[in-house]
Amino acid sequence: MTAPRFDPDSAAQRRFEAAARAANMLPDDRWVGGYADYEWSHLRPALDAYAIAIADRDVLEFGCNVGGSSVVLAALGARLSAVDVDPAMIPIAEANLLRHGMSGILGTIDAAGRLPFPDDSFDLVVANSVLEYIPPDRLDAAIGELHRVLRPAGHLFICGTASRLALLERHSRRWLVNYIPRAVDRITGLAIQRGLSPRRLAQSLRGRFVEAGTAGDWLQARQAIHGTLDPGVRLFAGLARLAGMGPGWIAPHIELLLRKN
């Protein structure tokens, strides 16, 4: 299966470029116009490694940003819905889908953090590189909403999520900021980007979700994405095995396949 393509001279492409510029983004940036290609080579093989069925399923992307992962999910046959907290992202994501010949139901998360869908709406929720941006005091409510909109035994796939255990913060590429207490932000007025605490995530998942992926799935995903298993990857898998948990809990990027209780 080949990556979805678009016509660079089409009206849909011009609409995408205009939407990106309206949000002060560069359409040709790797993380804007090139994001769907990136996720085709990262998200898609991870979905395959975990044997996550996409075709003909009701799938929600939670935190769609410019729609890179949405394009991949739609190309794989999902009945797609997508949401983001930033309303400026919605026209970009819509245009991104359109220029690739796809569509979905897109909307925003309201001020209270509630998703615009009834209970038991989806078979799968994908949260790709998003949970680390949720304020810690709102994470439990956000996980509760994902639990609410999933059908019984539905799945939540968390991936690409920068971990607060990492020495290098994966988005800002700054060393050791994950270990700076949040009290420093209140004192200095700064808003330092940090990863998500696995401990805090586990607290929010408890009683709502159980882990459905295995260490073998995680290793297979790494190999599918990178083509090899380097010593660091094997180290995380070994440490996790000693701790009696999946390696996705302690890797620099949190990656978990979970099933709704």
Side-chain angles (χ1 to χ4, degrees), residues 1-8 10-20 22-23 25 27 31-48 50 52-110 113-131 133-134 142 145-151 154-161 257 260:
M1 190 174 185
T2 59
R5 304 259 60 94
F6 60 89
D7 180 354
S10 66
Q13 173 64 15
R14 292 192 291 273
R15 174 178 167 180
F16 172 77
E17 292 171 356
M25 292 182 168
W31 303 115
V32 184
Y35 207 177
D37 281 342
Y38 175 87
E39 291 301 353
W40 186 258
S41 61
H42 287 74
L43 175 61
R44 180 187 56 83
L47 294 169
D48 286 346
Y50 284 86
I52 300 173
I54 302 296
D56 299 319
R57 301 185 77 203
D58 294 310
V59 178
L60 171 66
E61 184 183 7
F62 178 71
C64 63
N65 193 256
V66 300
S69 297
S70 292
V71 169
V72 172
L73 294 168
L76 294 176
R79 291 188 293 271
L80 176 72
S81 297
V83 293
D84 201 276
V85 70
D86 184 354
M89 294 298 103
I90 301 306
I92 304 173
E94 286 178 337
N96 206 1
L97 284 162
L98 181 63
R99 73 179 180 141
H100 287 94
M102 298 163 201
S103 63
I105 299 170
L106 281 79
T108 54
I109 304 166
D110 68 22
R114 188 171 174 85
L115 297 173
F117 305 105
D119 295 358
D120 304 336
S121 292
F122 298 102
D123 303 301
L124 170 69
V125 174
V126 174
N128 185 1
S129 303
V130 64
L131 297 183
Y133 293 107
I134 298 175
E145 274 294 278
L146 301 184
H147 184 270
R148 178 183 69 79
V149 300
L150 273 169
R151 292 176 179 139
H155 287 86
L156 168 62
F157 186 49
I158 298 171
C159 59
T161 299
L257 177 62
K260 178 178 176 176

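Keep in mind that what you see is a predicted model, and the values were worked out from it rather than measured.
Judged as a salt bridge (charged side-chain N to carboxylate O under 4.0 Å, His left out), and not counting sequence neighbours, Asp7 has no contacts. Every residue two or more places apart in sequence or in another chain that forms a side-chain contact (heavy atoms from CB on, under 4.5 Å) with Ala12 is listed here: Ser10, Leu98, Arg99. Partners of His100 according to the ring pair (Phe, Tyr, Trp, His ring centres under 6.0 Å) rule, which considers only residues two or more places apart in sequence or in another chain, are Phe6. For Arg44, the side-chain contact (heavy atoms from CB on, under 4.5 Å) partners two or more places apart in sequence, or in a different chain, are Trp40, Asp48, Val72, Leu76. In terms of the ring pair (Phe, Tyr, Trp, His ring centres under 6.0 Å) criterion, Phe16 has no residue partners (sequence neighbours excluded). Every side-chain contact (heavy atoms from CB on, under 4.5 Å) that Thr108 has, sequence neighbours left out, goes to Pro87, Ile90. Checked against side-chain contact (heavy atoms from CB on, under 4.5 Å), Ala82 has the following partners two or more places apart in sequence or in another chain: Glu61, Cys64, Ser70, Leu106. Residues meeting the ring pair (Phe, Tyr, Trp, His ring centres under 6.0 Å) test with Tyr38, sequence neighbours left out: Trp31, His42.
To the nearest 0.5 Å, atoms CG (Leu47) and SG (Cys159) are separated by 7.0 Å. Separating the CD atom in Glu39 from the CG atom in Asn65 is a distance of 9.5 Å, to the nearest 0.5 Å. In this structure, the separation between CG on Leu115 and CG on Asp110 is 8.0 Å, given to the nearest 0.5 Å. Here the straight-line distance linking atom CZ of Phe122 with atom CG of Leu156 works out to 13.0 Å at 0.5 Å rounding. To the nearest 0.5 Å, the span separating CZ on Phe117 from CG on Leu60 amounts to 5.5 Å.
Minimum interatomic distance between Gln13 and Pro8 (heavy atoms only, all atoms of both residues): CG-O, 3.4 Å. Closest non-hydrogen pair, Val32 versus Ala20, comes out as CG1-CB, 4.1 Å. Here the shortest heavy-atom pairing between Ala3 and Asp37 reads CB-OD1, 4.4 Å. Across all non-hydrogen atoms, the minimal contact from Val59 to Ile54 is CG2-O, 4.4 Å. The shortest non-hydrogen separation linking Tyr50 to Leu257 is CD2-CB, 3.8 Å. A pairwise comparison of heavy atoms in Asn128 and Ser69 identifies ND2-OG, 2.9 Å as the closest pair.
With contacts defined as side-chain heavy-atom distances shorter than 4.5 Å, the pair Met25/Ile92 qualifies. Side-chain contact check for Pro116 versus Val83: some heavy-atom pair is nearer than 4.5 Å.
A ring-ring contact (aromatic ring centres under 6.0 Å, His included) check over residues 57-91, counting only residues at least two apart or in different chains, returns nothing. Sorted by first then second residue, the side-chain hydrogen bond (donor to acceptor under 3.5 Å, both in side chains) pairs that include residues 76-92, not counting sequence neighbours, are Asp58-Arg79. Residues in residues 114-128 take part in these salt bridge (Lys or Arg N to Asp or Glu O under 4.0 Å) pairs, two or more places apart or across chains: Arg114-Glu145, Asp119-Arg148, Asp120-Lys260, Asp123-Arg151.
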